[in-house]
Amino acid sequence: MSHAGYVIASYAVAALTVAGLILWVIADGTGRRRELKALEDLGIRRRSAGPSTGEMK
Amino acid sequence: MSEQSLAIRKFSDLANPTRFLGLAERLLPWFSGLTALLFAVGLYLCFTTEGDYQQGETVRIMYVHVPAAWLSMMCYTVMALSALGTLVWRHPLADVSARAAAPIGACFTFLALVTGSLWGKPMWGTWWVWDARLTSVFVLFLMYLGLIALNRAMDDPGKAAKVSAILILVGFVNIPIIKFSVEWWNTLHQPASVMRLDGPKIDPEFLRPLLIMAVAFSMLFFTLHIAAMRNEIWRRRVTSMRRQAARNVGAVGTGMEGPNA
Amino acid sequence: MISLFLRDLKLSVRAGGGALIGVLFFMTVVAVVPFAVGPDLNLLSRIGPAILWIGALLASLLGLDRLFQAEREDGSLDLMLMQETPLVLTVLVKCLAHWSASGLPLVIAAPLLGLFMNTSELAIGATMLTLLVGTPAITLIGAAGAAVAVTLPRGGLLVSILVLPLAIPVLIFGVSATYAAVEDPAPFLPPFLILMAITLFFAVIGPLAAAAALRSSSD
Amino acid sequence: MISLFLRDLKLSVRAGGGALIGVLFFMTVVAVVPFAVGPDLNLLSRIGPAILWIGALLASLLGLDRLFQAEREDGSLDLMLMQETPLVLTVLVKCLAHWSASGLPLVIAAPLLGLFMNTSELAIGATMLTLLVGTPAITLIGAAGAAVAVTLPRGGLLVSILVLPLAIPVLIFGVSATYAAVEDPAPFLPPFLILMAITLFFAVIGPLAAAAALRSSSD
Amino acid sequence: MPICLVVEGLSAKRGEDLIFHDISFVLRAGEALVVTGANGSGKSTLLRVLAGLLAAESGSVRIDGAAAEIGHPRELCHYLGHRNAMKHELTVAENLSFWKSFMGDSPGGAGKDLEDATEAVGLGGISHLPFGYLSAGQQRRMAMAKLLVAFRPVWILDEPTAALDANADRLFAELVTGHLGAGGIVVAATHQPLGLEARELRMTGFAGVGGMV
Amino acid sequence: MPICLVVEGLSAKRGEDLIFHDISFVLRAGEALVVTGANGSGKSTLLRVLAGLLAAESGSVRIDGAAAEIGHPRELCHYLGHRNAMKHELTVAENLSFWKSFMGDSPGGAGKDLEDATEAVGLGGISHLPFGYLSAGQQRRMAMAKLLVAFRPVWILDEPTAALDANADRLFAELVTGHLGAGGIVVAATHQPLGLEARELRMTGFAGVGGMV
Ligand code: HEM
Ligand SMILES: Nc1ncnc2c1ncn2[C@@H]1O[C@H](COP(=O)(O)OP(=O)(O)OP(=O)(O)O)[C@@H](O)[C@H]1O
Ligand SMILES: Nc1ncnc2c1ncn2[C@@H]1O[C@H](COP(=O)(O)OP(=O)(O)OP(=O)(O)O)[C@@H](O)[C@H]1O
Ligand SMILES: [Mg+2]
Ligand SMILES: [Mg+2]
């Protein structure tokens with residue numbers, strides 16, 4: 001009894017899942033990096049000047 | 001600046017996400033290289049060692065199944081530690097870590113479930129039984145998915161962090177149940193033979209590829225986790241910068257002056 | 001507090017029959033099972049109590065997500081958070097009102113459905129009793145889920161997902177108490193007492209957790 | 001029209017992972033059942049298809065109530081009512097988008113859950129097929145209920161009241177077609193064809209009724 | 001041929017009560033009508049009847065001189081109610097382009113493209129943001145941009161300037177003047193002066209009859 | 001002994017961003033504060049912090065001189081937000097009497113009864129109607145009646161006059177003056193002049209400090 005099909009199937013599933021996970025992480029990374037770039041190109045800084053205060057009259 | 005906010009500044013320096021980003025940038029290439037290498041060796045051994053006289057070729061499933069199962073539990077443990085970090089030390093990276101780990105853990109759990117089923121069919125004659133080990137792993141899978149759904153549904157990460165940290169800790173009771181279910185209840189599933197107090201009880205012929213694959217999977221986890229944490233930090237920066245942009249347009253455009261100016 | 005209880009009851013009666021829908025869903029679930037297992041009366045009467053419990057569990061989840069969301073959407077929640085009355089008490093009263101409007105009808109409808117499943121009189125009585133004791137636990141722990149999900153757009157399903165795993169012990173002991181009442185060797189009291197203990201436990205934990213979640217989710 | 005379809009798909013993916021939550025709920029419901037009826041594989045494999053159908057029904061019902069309510073709350077519905085595009089078409093496209101985002105994932109997840117219930121391969125295939133054909137009917141008739149309930153405050157519950165009795169035939173024929181595929185004497189085709197007929201019928205009636213209800217409920 | 005909004009003997013009920021009765025007016029291309037009156041006098045009800053969202057009890061609303069055959073006068077109208085009809089989860093650009101392609105243009109004109117429209121309401125360059133990130137006033141302005149991306153000759157506006165500050169008020173007045181200049185028609189209900197030249201319809205409310213001023 | 005609202009070094013965050021920083025003021029019995037500022041400058045945020053609905057990042061809110069021991073300052077406050085906190089399915093009378101009995105009176109005063117309160121907002125005699133049947137402005141007025149039925153010394157009002165007509169504005173100013181005359185305190189955020197004598201706090205907004213991450 002060899003059941004090669006089950007072995008191949010499990011390795012295939014493993015390979016697919018891991019590949020999908022890796023691709024997703026990479027795609028997510030490049031996407032976020034691009035968005036950051038775009039925002040920085042628009043001239044938006046993350047930490048801006050001092051915080052606001054209310055002024056009493 | 002008041003004393004209190006200075007204190008906040010200082011504390012946050014300890015966990016500076018920017019420093020983390022730098023570290024990740026340096027570590028990632030090494031980690032990925034090492035992972036690839038380990039997998040190359042591990043996979044080679046997986047297919048060259050002999051089959052078991054009882055289980056035949058199907059024993060090769062073990063080299064995927066067991067590391068995936070271990071990793072699914074380890075990943076949850078990492079999340080539970082991060083949850084402690086969020087609740088007890090309010091460490092800003094802890095929440096990022098817990099959030100980034102969830103999809104990875106879900107994938108490993110999925111792998112353990114699928115390969116286990118694929119092993120169960122030839123060995124036990126059925127894809128699935130509702131015994132304690134299998135059920136508790138399925139519950140683990142559902143918990144991962146639930147945490148992902150919760151994180152995606154709450155757009156404010158700060159608020160999601162607390163809730164999911166509590167849920168993670170509550171769900172942690174599941175981990176010992178998974179680990180010891182084979183001993184507490186009699187089930188079809190194999191009892192532990194590697195991770196035992198009195199040392200492994202398994203033929204070195206199988207142990208070698210198994211351990212190498214386990215290390216390879218762990219390295220894979222660390223690599224992906226660091227990369228995903230980096231992505232998460234970027235994502236939060238994007239969100240925060242977008243809010244900033246909305247506010248700036250209001251300031252630059254009309255309506256900066258109040259009515260009674 | 002009585003005013004809150006009465007208001008919530010009035011609301012659930014006036015705004016489209018919360019009770020009715022729960023019962024309807026319950027009946028649908030129960031009605032479908034005979035189609036699945038075939039007209040084997042023995043089998044039906046065997047799984048009857050379990051099916052009744054599953055139906056009741058799912059039916060009590062149906063309205064739960066609106067428990068706090070409706071209050072939040074019209075701003076009432078803000079005012080409730082500001083009062084001197086402990087929030088835990090407010091939550092508890094809201095749970096009671098919700099259970100009276102949608103849990104109690106399920107308990108009352110159960111015997112009828114039990115007959116459809118060819119369950120014996122004893123088993124029907126046991127099912128009713130365990131449902132009476134067990135369903136409040138689901139509402140109470142559901143309140144915690146509803147409070148967590150109060151700010152979410154699609155709260156409904158998420159509440160169920162958060163609550164179902166916690167409701168499993170209630171289900172297990174409810175069903176086993178019912179079976180214990182019917183089958184002789186197993187004693188009825190131990191699982192039933194555990195069920196009561198779970199309900200009491202959730203009566204403390206649920207409102208506390210819900211109150212904490214509501215406080216922290218306010219924005 | 002394609003823009004509407006795409007928008008609705010985008011919304012359901014972006015607003016808190018609609019599809020994910022639906023599937024997760026489905027899985028949770030299925031996982032709860034063995035706790036109630038016990039881990040007896042024979043019994044489980046017998047009620048498996050029915051449980052899958054009940055779970056799918058519940059999961060597709062739970063999200064439905066927001067189909068038009070979300071549009072109404074932010075005023076989009078007013079604009080849709082004013083356009084030249086026939087309202088029936090708008091409703092139909094919205095139903096399609098909703099089904100693609102939340103019904104289709106259920107169909108795809110069904111085989112996995114079928115394995116957990118120890119259902120045979122044949123039964124799994126039959127369940128998938130009947131779900132594929134049957135769930136659109138639930139969405140389509142649910143749309144009519146959602147439209148009727150759109151102006152009501154607690155619409156979610158009311159939709160189910162209106163829709164459940166209509167959905168019962170779908171459930172019954174879906175389940176019996178599945179069993180017919182497995183058990184030899186009963187022919188598979190008749191109930192399956194009836195199921196298809198019901199879906200086609202609802203594909204006409206549902207949007208028409210929904211459009212009429214939306215027109216008259218506007219205020 | 002310029003269009004013309006004709007309202008004849010209009011009356012409407014809310015529940016059982018007649019809210020207004022026998023209102024008639026004619027608006028020619030380039031004319032605006034401001035509807036005023038106390039709270040509950042029926043302004044919103046009138047606008048919803050005009051937009052075809054509420055059935056009239058008696059009387060009729062008609063648009064004469066449309067460039068093509070139309071099914072119902074509402075198809076030539078924009079309606080801006082209290083709510084903005086934009087999704088918080090989608091970006092401003094996605095929202096606007098959805099409405100642009102879903103609504104299409106009425107015959108006789110063409111909508112601006114997205115950038116021009118957001119520019120026109122003074123918020124150019126942030127259309128990549130999710131709508132939910134904007135403040136109340138910015139959201140209201142983006143809802144107005146919707147009036148520009150799809151062309152409709154008749155605008156029906158319910159308290160358009162609520163939540164806007166003085167500056168944005170002026171901008172809005174410009175938009176309306178521009179639309180009128182291009183031969184459009186505007187009907188707006190309001191509590192505050194809108195800063196534009198228009199006829200005024202005072203609702204006297206509580207089953208009172210509206211009178212033209 | 002007259003009460004006194006003391007705010008010291010208050011700052012608050014929304015999401016990751018600091019919205020305002022180090023705000024301090026003291027309001028004595030009979031004083032009102034009007035909070036102004038552009039859209040998104042943090043008016044609503046400030047009011048929600050004062051009402052105890054949002055946690056302050058730093059600083060404190062305190063009420064001195066209360067007649068009895070209180071657990072938290074919010075227990076002495078009325079909060080009227082953008083939403084009215086009334087159920088559409090219940091009648092006005094049911095809504096108001098629920099809040100009257102649920103909230104109770106703070107020590108040192110007593111709420112009016114329902115008829116007087118609806119009378120005071122100019123809508124006497126329609127409290128038997130379901131709340132959902134009222135027009136936008138009428139709903140807002142009924143929400144104000146809620147301020148009267150349960151006594152609280154401090155009123156926190158977020159754009160109270162939105163959707164009100166000129167008449168109701170005056171009426172509202174009278175209500176507030178009456179409350180101040182009786183030794184109450186009022187904090188209100190607004191875009192429009194409220195027509196009452198008050199100190200003013202201008203939020204300058206828009207300079208959020210990017211927080212962590
Ligand atoms: C879907 C079904 C299955 C699931 C969810 C599952 C789950 C797990 C888990 C969580 C572990 C790690 C336990 C630990 O570290 O103590 C494990 C280990 C293991 N499993 Fe499975 N398993 C499944 C099916 C099977 C089958 C069918 C076999 C073989 C007949 C099998 C053989 C093993 C072995 C040999 C180990 C290693 C135990 C050790 O040496 O510590 N599993 N499995
Ligand atoms: N959904 C409804 N059902 C029944 N009656 C309603 C409904 N909406 C409004 N009414 C009634 O119709 C009348 C007119 O309301 P409408 O909203 O047209 O007033 P309005 O002039 O727009 O007032 P506001 O200035 O407050 O917006 C009111 O007296 C109100 O009670
Ligand atoms: N729920 C929220 N989550 C995150 N940020 C928010 C939230 N609500 C408001 N903000 C942000 O906080 C800032 C202050 O908002 P706030 O509502 O206090 O402004 P405001 O002065 O009341 O404006 P308006 O005049 O439009 O009412 C805004 O820039 C807004 O983007
Ligand atoms: Mg109005
Ligand atoms: Mg505000």
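Numbers restart at 1 for each chain; the letters A, B, ... are given by sequence-line order, proteins then strands. Below, each value reflects all heavy atoms present in this structure, side chains not excepted, and no hydrogens, waters or symmetry copies. On a predicted model such as this, the values are computed, not experimentally measured, just so you know.
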**OP:** Give the C-alpha distance, both sets of side-chain angles, the deciding distance and a yes or no for side-chain contact (heavy atoms from CB on, under 4.5 Å) between M1(C) and F102(F).
**Re:** CA-CA 7 Å; M1(C) 276 305 114; F102(F) 184 76; 3.4 Å; yes
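Around CZ of F201(C), the count of heavy atoms belonging to other residues, nucleotides or ligands within 6.0 Å does not exceed 12. Heavy-atom contacts from other residues, nucleotides or ligands closer than 6.0 Å to CG of L189(C) number more than 12.
The shortest non-hydrogen separation linking L53(F) to D78(C) is CD2-O, 3.6 Å.
Here the straight-line distance linking atom OG of S97(F) with atom CG of L6(C) works out to 10.0 Å at 0.5 Å rounding. Separation of atoms CG (L11(C)) and NE2 (H88(F)) is listed at 11.5 Å; rounding is to 0.5 Å.
Ion pairing between a basic and an acidic side chain is recognised when a charged N comes within 4.0 Å of a carboxylate O; E94(F) and K10(C) show such pairing. K87(F) and E71(C) are joined by a salt bridge, as a carboxylate oxygen and a charged side-chain nitrogen come within less than 4.0 angstrom of each other.
Proximity to chain C among residues 106-121 of chain F is not found for any residue, judged by heavy-atom separations below 4.5 angstrom.
For T90(C), the part lying under 4.5 angstrom from a heavy atom of chain F is the side chain only.
Of the listed residues (R7(C), E84(C), R215(C)), the greatest number of heavy-atom pairs within a distance under 4.5 Å of chain F belongs to R7(C). Highest contact tally toward chain F, considering only S216(C), S76(C), G75(C), is held by S76(C) [criterion: heavy-atom pairs under 4.5 Å].
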